[in-house]
Amino acid sequence: MLPVDRWVETVERAVTDGFDFFDFLSVVDEGEGRLSVVVHLWSLRGRGHLFLRTEADGLQVPSLAGVLPGAGWHEREAAEMFGLEFLGAPDPRPLLLPDGFDGHPLRKDFPLAARGVVEWPGAHEPTEHGPASRPPGRRRPAAAGVPDWAGQTEEDGTHG
């Protein structure tokens, strides 16, 4: 893991050394309020890849948009979804969430309210749905390309 104060310098060096294709920049929530920033670079000449990673100092990381112009969009997304501030970013405007959205939805501490309000579809008793609730004599349709005999039981010749 790179020290955050050497983040931009190390990425510049990697680009100079031939890792000239920027693939992506992302964030990892390490838990307990710790966030890491990861960048993936590719060498077109050497046909190899390089992952570089730094841990955010507080919630701030220097921007890579000056070194890798395509990183600006990724930084905007990461700022919005994880609550990071990319110092020196040329365009810090929100990118994905609606105006007034409260919170950072990709953080581990973000509450998933939908799970509390809407019942989870798999939370039923096995006898409530399934083969026993189908009308007698009606077979479950098979997916395209699945032979007719697939899923039949030897006892009754019906699909299971």
Side-chain angles (χ1 to χ4, degrees), residues 1-131 133-134 140-146:
M1 178 126 17
L2 293 167
V4 73
D5 60 336
R6 297 194 57 216
W7 177 238
V8 174
E9 168 193 338
T10 305
V11 172
E12 284 175 335
R13 173 80 188 265
V15 170
T16 302
D17 288 350
F19 290 93
D20 48 359
F21 182 81
F22 167 69
D23 187 20
F24 69 83
L25 178 141
S26 190
V27 178
V28 177
D29 186 340
E30 305 285 357
E32 300 174 8
R34 293 182 8 253
L35 299 174
S36 295
V37 180
V38 179
V39 67
H40 180 241
L41 303 173
W42 178 260
S43 172
L44 298 171
R45 189 174 355 110
R47 314 263 322 141
H49 65 93
L50 178 66
F51 283 97
L52 298 172
R53 183 179 189 142
T54 191
E55 189 168 327
D57 186 15
L59 291 176
Q60 297 180 330
V61 177
S63 174
L64 294 177
V67 180
L68 306 165
W73 187 91
H74 297 251
E75 290 175 350
R76 286 174 64 190
E77 177 186 29
E80 209 170 2
M81 296 295 165
F82 288 94
L84 282 175
E85 179 184 3
F86 287 87
L87 302 172
D91 187 3
R93 290 177 300 151
L95 184 66
L96 301 170
L97 298 174
D99 290 339
F101 188 90
D102 188 29
H104 306 289
L106 293 183
R107 302 262 318 246
K108 288 183 178 179
D109 58 1
F110 187 79
L112 296 175
R115 293 275 171 87
V117 175
V118 178
E119 186 177 327
W120 183 247
H124 60 77
E125 293 297 320
T127 57
E128 290 178 19
H129 302 285
S133 64
R134 270 195 305 264
R140 179 182 299 169
V146 176

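Predicted model, so just to flag it, every value in this text is computed and none were measured. The figures here come from the full heavy-atom set of this structure, side chains too, leaving out hydrogens, waters and symmetry mates.
Nearest heavy-atom pair, Asp20 versus Ser43, reported as atom, atom and distance to 0.1 Å: OD1-CA, 3.9 Å. In terms of heavy-atom proximity, His74 sits nearest to Asp23 at CE1-O, 4.0 Å. Taking both residues in full, the closest heavy atoms of Ser63 and Val8 are given as O-CG2, 3.6 Å, listed atom of the first, atom of the second, then distance. Residue Trp42 comes nearest to His49 through the heavy atom pair CE3-CB, 3.4 Å, listed as atom of the first residue, atom of the second, then distance. The two residues Phe82 and Leu106 have their closest heavy-atom pair at CE2-O, 3.3 Å. Met1 and Thr54 get closest at one heavy-atom pair: SD-C, 3.6 Å.
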Set out, in order, the CA-CA distance, both residues' side-chain angles and the distance that settles side chain to side chain contact (heavy atoms under 4.5 Å, CB included) for Trp7 and Val39, then state yes or no. CA-CA 10 Å; Trp7 177 238; Val39 67; 3.7 Å; yes
Apply the test side chain to side chain contact (heavy atoms under 4.5 Å, CB included) to residues Phe19 and Leu52: give CA-CA distance (whole Å), side-chain angles for both, the deciding distance (0.1 Å), then the verdict. CA-CA 11 Å; Phe19 290 93; Leu52 298 172; over 6 Å; no
Let me see the working for Met81 and Leu97 under side chain to side chain contact (heavy atoms under 4.5 Å, CB included), right down to the final yes or no. CA-CA 8 Å; Met81 296 295 165; Leu97 298 174; 3.8 Å; yes
Output, in order, the C-alpha distance, side-chain angles, deciding distance and verdict of side chain to side chain contact (heavy atoms under 4.5 Å, CB included) for Leu35 and Leu84. CA-CA 8 Å; Leu35 299 174; Leu84 282 175; 3.8 Å; yes
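Partners of Arg45 according to the salt bridge (Lys or Arg N to Asp or Glu O under 4.0 Å) rule, which considers only residues two or more places apart in sequence or in another chain, do not exist here.
Between His40 and Phe51, the ring centre distance stays below 6.0 Å.
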